[in-house]
Structures are given as C-alpha cells and as structure tokens.
Amino acid sequence: MLKALSGGNFSRDFTASIVVFLVAMPLCMGIAVASGVPPEKGLITGIIGGIVVGLLAGSPLQVSGPAAGLAVIVFEIVREQGLSALGPILILAGAIQVVAGLLRVGGWFRAISPAVVHGMLAGIGVLIVVGQFHVLFDDKPLSSGLHNLIAMPGQILGLSNGGAATAFAVGLVTIFGMLGWEKFRPASMKLVPGALVGVLLATIVAFSLGLPVARVAVPESIVAAVSLPEQGLLAQLMNPTIITTAIAIAFIASAETLLSAAAVDRMHDGVRTNYNRELSAQGVGNLLCGFAGALPMTGVIVRSSANVQAGAKTRLSAILHGVWILGFVALLPWLLREIPMAALAGILVITGVRLVSLAHVKHLFNLYGPLPAVVWAATLICVVATDLLTGVLVGIGLSMLELLPHASKLRLKVEEENRGDAHEVALRGTATFLSLPRLSAKLESLPAAGLVILNVERLGHIDHTCAEMLREWVDRRRGAGAPVELFGATGRMRQLVA
C-alpha cells in the first residue's frame with residue numbers, strides 16, 4: 001500500500017478509480033435487475049468487491065463486483081428457491097473458493113478450454129438479451145431463455161400499449177446514446193463510459209418529460225439493504241440443493257475470475273496475478289456477500305479493462321472505486337430512484353450482445369480446426385436450452401475428445417537448461433489441458449529479462465487449450481521486450497507464434 005500512496009501512483013489511481021466508479025454504478029444495478037433482485041443488492045456487491053477484495057486481491061488491477069455471467073444462474077435461484085436461499089449459497093460458495101485458493105488449485109481453472117468459457121459467456125449473453133428485452137417494455141422476464149425468446153415477437157406487437165411503448169422509447173434512447181457516445185466521443189473524453197452517458201440521457205428525458213415509466217427502487221439507507229441470514233442457517237448449509245448450487249456458483253465464478261485476471265495481465269506490464277491469492281480473495285468477498293444478502297461477485301473484465309486503460313498502477317484504484325460507490329449510495333439515493341428500469345435494461349442488452357464473441361470462435365476455428373468451434377457452439381446451445389452448469393459440463397466433456405487420439409501418451413516432460421544469458425525450455429511428449437497448470441507455472445517462473453528458447457522439436461501434440469496459453473505467454477513476453485525463439489517448430493506451433 002505504501003507504493004500505492006506514492007505521489008505519481010496516487011494521482012493515477014485516483015483518476016482511474018473515478019472512471020471505474022462511473023462504469024460500475026449502472027452495471028451493478030443493471031446486473032441486479034437481470035438477476036431478479038433489487039438494484040441495491042448489486043451495489044453492495046460492488047462495494048465489497050472494491051474495498052475488501054481490492055485490498056486482498058492477487059490481481060492488483062482487476063476490479064471485482066457483480067458479473068453478468070452469473071445473472072442467469074442467480075435469477076434461477078431466486079425464482080426456484082427464493083431470495084433467502086442466496087445468502088447460504090454464497091457463504092458456502094465463498095468458503096469453497098477460500099479453501100481452493102489455500103490448496104493452490106487456482107491454476108487448474110486456467111486449464112478449462114477457452115472454447116467452453118467463451119461458449120458459456122455467449123450463452124449467457126443470449127439469455128441476458130432475450131430476458132432484458134422484456135424489461136425494455138417495463139415487463140418481467142419469463143421463467144426460461146426459450147420462453148423469453150418465443151415471447152419476443154409478442155412484445156413488439158404489443159407496442160400499441162402506451163406504457164410499453166414509452167418504456168421501449170426510453171430504452172432505445174439509452175442504447176443509441178451509449179452506442180453513439182462510444183462511436184463519436186471526442187478523444188479528450190474517451191474515458192467517460194458510454195453506459196453512463198446512455199443512462200444519464202434516458203434519466204434526463206424521463207424526468208424532464210415526466211414519463212410514466214418504472215423506475216429503480218432503492219432504500220433510503222444502504223444499511224437497510226443488508227439482509228443478514230435467517231435462523232436455521234446451519235440446516236440450510238446442509239441442504240443438498242444448496243450445496244450443489246454453491247459448488248456450481250464457486251466453479252463458474254472462479255473460472256470467470258481467473259480467466260479475466262489472465263486477460264488483465266495481458267493489458268499491462270506490472271505485477272502478474274497470483275491466482276491462488278485471487279481465488280481466496282474472491283472467496284472472502286462472496287462470504288461477505290452471502291452474510292449481507294447481496295449478489296455473488298467475480299473479477300469482471302469490463303471494469304478491469306477500464307481500470308487499466310485509465311492508467312491505474314496499484315490496487316488503490318479498485319479500493320477507491322468501492323469507496324465512491326458507498327459514498328454515492330449513502331448520500332444520493334434519491335438520484336438513483338430517478339433512473340428508468342428500461343435504461344438499465346438497454347445497457348444489459350448491449351452487454352449481452354457483446355458477450356457473444358463470434359470473432360473468438362472464428363479465431364479458434366482458423367487456428368485449431370472444427371472441434372473447438374463445435375465445443376463453443378454446443379456449450380452456447382446447452383446454456384440457452386437447459387442451464388448454465390449443464391452447458392459447461394457438456395462443453396468440458398466435448399473438449400476431452402481432443403485427448404482420445406493421444407490417450408496412451410498424455411505425459412509432458414518439461415526440462416529447463418541455462419545457456420549463458422539464455423534459458424532453454426524443452427517440451428517432450430503431449431501438451432494438453434491436463435499439463436497446463438504445471439507448464440504455465442514453469443513459464444511464469446522464468447526470468448523476466450533475457451532470451452528464452454522454447455524447444456518443441458520433440459513435442460508430439462498440443463491441444464488448443466494449451467496452445468492458446470502458450471501463444472498468449474509468447475505474445476506477452478515479446479510485448480514486454482523479452483525475446484522468445486522457437487526451435488523445432490512446425491505446422492501449428494510455427495503458426496501460433498509467427
């Protein structure tokens with residue numbers, strides 16, 4: 001923290017924290033609405049994610065808070081088990097994450113196929129779009145993604161209803177305001193987030209014209225939004241349904257957090273992520289969210305990338321953004337109550353669309369062939385048609401097909417040898433997601449400066465999960481000015497690091 005308070009760092013972190021706060025505020029409330037809970041539940045998670053997790057995090061520049069990736073599963077929990085079940089589930093999920101971090105299993109979450117992760121996020125994006133489409137009309141989402149999808153034409157046909165048409169117009173003002181700002185904003189104001197502009201524009205229009213649309217409901221005091229666990233907590237923690245759901249939340253939240261942390265590492269040249277510490281910090285955050293009756297949290301890439309782009313240097317920026325959320329909610333709750341619900345839905349529709357990354361599946365197909373693309377598509381379809389956990393498990397099962405041709409020779413041998421100022425790392429055997437944590441740890445342990453020679457002459461096969469990790473490591477090292485040479489690379493390996 002002393003480094004964070006030094007002159008140059010403090011001014012950069014202070015400025016970045018304001019930017020992240022402006023990005024986080026509408027997203028915290030919008031994700032809460034998409035999760036079927038009051039908006040203040042998302043704000044509490046944002047406060048805890050900033051102040052507590054920011055202080056403990058293993059990824060100093062990553063920002064934590066409520067994530068769109070968990071909105072769908074929380075919506076299902078609240079609908080089927082009630083809001084009171086969310087607290088015990090998060091307490092158990094947080095405890096699982098803390099223990100997982102202490103047992104140093106954080107690296108294993110990086111071994112999940114990128115096709116599965118991006119397929120999961122794409123499926124979540126589709127569910128958010130079809131669900132929040134109904135909120136654009138001041139209506140409520142239906143019980144499943146397929147039902148929401150089928151009911152979408154009916155909402156358009158029902159625009160003769162004056163109230164629905166007014167709400168839809170407010171939502172469109174938000175969407176066009178957000179997209180227009182992002183496209184045409186002046187360079188001097190590039191750090192002002194489009195989501196904030198869209199919400200402000202819609203709120204001003206609705207307020208000045210006195211439009212009869214549904215608005216955000218928040219309590220007078222943030223303390224009143226905290227709901228401690230009810231009596232019988234221990235019995236709830238022993239409930240098999242609670243345990244199963246908590247494991248699913250812990251797994252998905254951890255995977256999203258650690259993959260986001262890996263993405264943040266690629267954006268800057270500062271301190272690298274300690275994955276096990278980050279996992280435990282997220283667990284502490286989710287434990288507190290469970291006791292406060294708030295939403296689950298993860299490390300979130302939108303806020304984290306805004307943090308890096310705004311020039312943050314230390315964890316102080318993430319901590320301060322949580323302080324600003326707390327101050328705003330405590331001092332200006334009346335202002336939040338003027339925000340139309342359709343405006344938050346408009347932001348989430350854009351967020352959902354952006355989660356469906358066709359560019360990523362095209363990248364996987366071009367480099368690794370049809371199997372990763374099939375895994376991506378199958379995960380997406382299963383998430384939309386069934387549920388999040390089923391989609392992820394189907395994707396992981398399909399990604400294991402890549403192991404079958406090499407089932408008898410899955411061992412990877414990693415040898416390191418010093419050659420003067422250079423380090424040679426020789427890979428022999430088969431590199432798959434099973435060997436990814438060990439290989440990643442070895443590569444990250446190499447000196448930051450000096451030539452690295454990666455000898456892949458005797459590497460028989462590399463799967464797409466391991467290949468993506470290797471490509472990102474080479475790109476990051478070369479980006480920092482440290483040379484990497486490949487020896488014996490042919491075919492896919494040569495193409496990867498060209």
- Message: With side chain to side chain contact (heavy atoms under 4.5 Å, CB included) as the criterion, how do Leu295 and Val37 come out once you've worked through the C-alpha distance, each side chain's angles and the decisive distance to 0.1 Å?
- Response: CA-CA 8 Å; Leu295 284 177; Val37 304; 3.7 Å; yes

- Smallest heavy-atom separation, Gln62 atom then Ser260 atom, equals OE1-OG, 2.7 Å

- Looking at the rings of Trp108 and Tyr275, which for Trp means the six-membered one, are their centres under 6.0 Å apart? no

- Query: Looking at CD1 of Ile325 and CD1 of Ile51, how far apart are the two atoms once the value is rounded to the nearest 0.5 Å?
  - Reply: 8.5 Å

- Query: So Trp324 and Phe14, would you call those rings parallel, tilted or perpendicular, with 30° and 60° as cut-offs?
  - Reply: perpendicular

- Item | Validation row: Val300, Arg303 side chains within 4.5 angstrom (heavy atoms) | yes

- Task: Quick one: pull up NE2 in His464 and OG in Ser113 and give me the separation to the nearest 0.5 Å.
- Result: 2.5 Å

- Closest non-hydrogen atom pair, Leu237 against Ile243: O-CG1, 3.4 Å

- Query: If you measure from CD1 on Ile247 to CD1 on Ile242, what distance do you get to the nearest 0.5 Å?
  - Reply: 12.0 Å

- Message: Is it the case that the side chain of Ser399 and the backbone of Ile396 share a donor-acceptor pair, with hydrogens and angles ignored and the cut-off at 3.5 Å?
- Response: yes

- Message: One pair to check against side chain to side chain contact (heavy atoms under 4.5 Å, CB included): Lys190 and Gln309. What are the steps and the verdict?
- Response: CA-CA 10 Å; Lys190 66 178 181 179; Gln309 290 166 10; over 6 Å; no

- Describe, in one word, how the ring planes of Phe168 and Phe137 are oriented to each other, choosing from parallel (under 30°), tilted (30 to 60°) and perpendicular (over 60°). parallel

- Query: Taking all atoms of both residues into account, what is the closest heavy-atom pair of Ala294 and Leu86, and its distance?
  - Reply: O-CD2, 3.6 Å

- Message: For a quick test of reading the model, state the closest non-hydrogen atom pair linking Leu136 to Ala342 and the distance between them.
- Response: CD2-O, 3.6 Å

- salt bridge (Lys or Arg N to Asp or Glu O under 4.0 Å) between Glu278 and Arg104: does it pass, once the steps are laid out? CA-CA 11 Å; Glu278 180 68 22; Arg104 307 186 66 80; over 6 Å; no

- Using modelled atom types only, decide if a donor and an acceptor are shared between the side chain of Arg215 and the backbone of Met341 within a distance under 3.5 Å. no

- Verdict with supporting geometry, Ile128 and Val349, side chain to side chain contact (heavy atoms under 4.5 Å, CB included): CA-CA 7 Å; Ile128 288 173; Val349 166; over 6 Å; no

- Message: Looking at Glu40 and Arg337, is any side-chain nitrogen of the basic one under 4.0 Å from a carboxylate oxygen of the acidic one?
- Response: no

- Message: Return the CD1 to CG distance between Ile124 and Leu380, rounded to the nearest 0.5 Å.
- Response: 10.0 Å

- Task: Check the pair Thr273 / Ser59 against side-chain hydrogen bond (donor to acceptor under 3.5 Å, both in side chains), numbers first and verdict last.
- Result: CA-CA 4 Å; Thr273 294; Ser59 179; 3.2 Å; yes

- Query: Rounded to the nearest 0.5 Å, how far apart are CG of Leu234 and CG of Asn239?
  - Reply: 12.0 Å

- Query: Are any non-hydrogen side-chain atoms of Val375 and Val116 less than 4.5 angstrom apart?
  - Reply: yes

- Item | Steps toward side-chain hydrogen bond (donor to acceptor under 3.5 Å, both in side chains) verdict (Lys41, Ser35) | CA-CA 10 Å; Lys41 301 292 186 183; Ser35 302; over 6 Å; no

- Message: For a quick test of reading the model, state the closest non-hydrogen atom pair linking His321 to Ser64 and the distance between them.
- Response: CE1-O, 4.2 Å

- Message: Is any side-chain heavy atom of Ile77 closer than 4.5 Å to one of Ile249?
- Response: yes

- Kindly indicate whether the side chain of Gln132, heavy atoms from C-beta on, has any atom under 4.5 Å from the side chain of Ile347. no

- Sidechain-backbone polar pair: Asp13 side chain, Thr314 backbone, donor-acceptor under 3.5 Å: yes

- For Phe75, does the CZ atom have more than 12 heavy-atom neighbours from other residues, nucleotides or ligands under 6.0 Å away? yes

- Message: Using a 3.5 Å distance criterion without hydrogens, assess whether the side chain of Ser317 forms a donor-acceptor pair with backbone atoms of Ala16.
- Response: no

- Query: Say you draw a straight line from OG1 of Thr203 to CD1 of Ile339; how long is it, rounded to the nearest 0.5 Å?
  - Reply: 5.0 Å

- Minimum heavy-atom separation for Gly106 to Leu279, with atom names? CA-CD2, 3.9 Å

- Query: Could you walk me through whether Gln97 and Leu287 pass the side chain to side chain contact (heavy atoms under 4.5 Å, CB included) check?
  - Reply: CA-CA 9 Å; Gln97 287 182 298; Leu287 270 168; over 6 Å; no

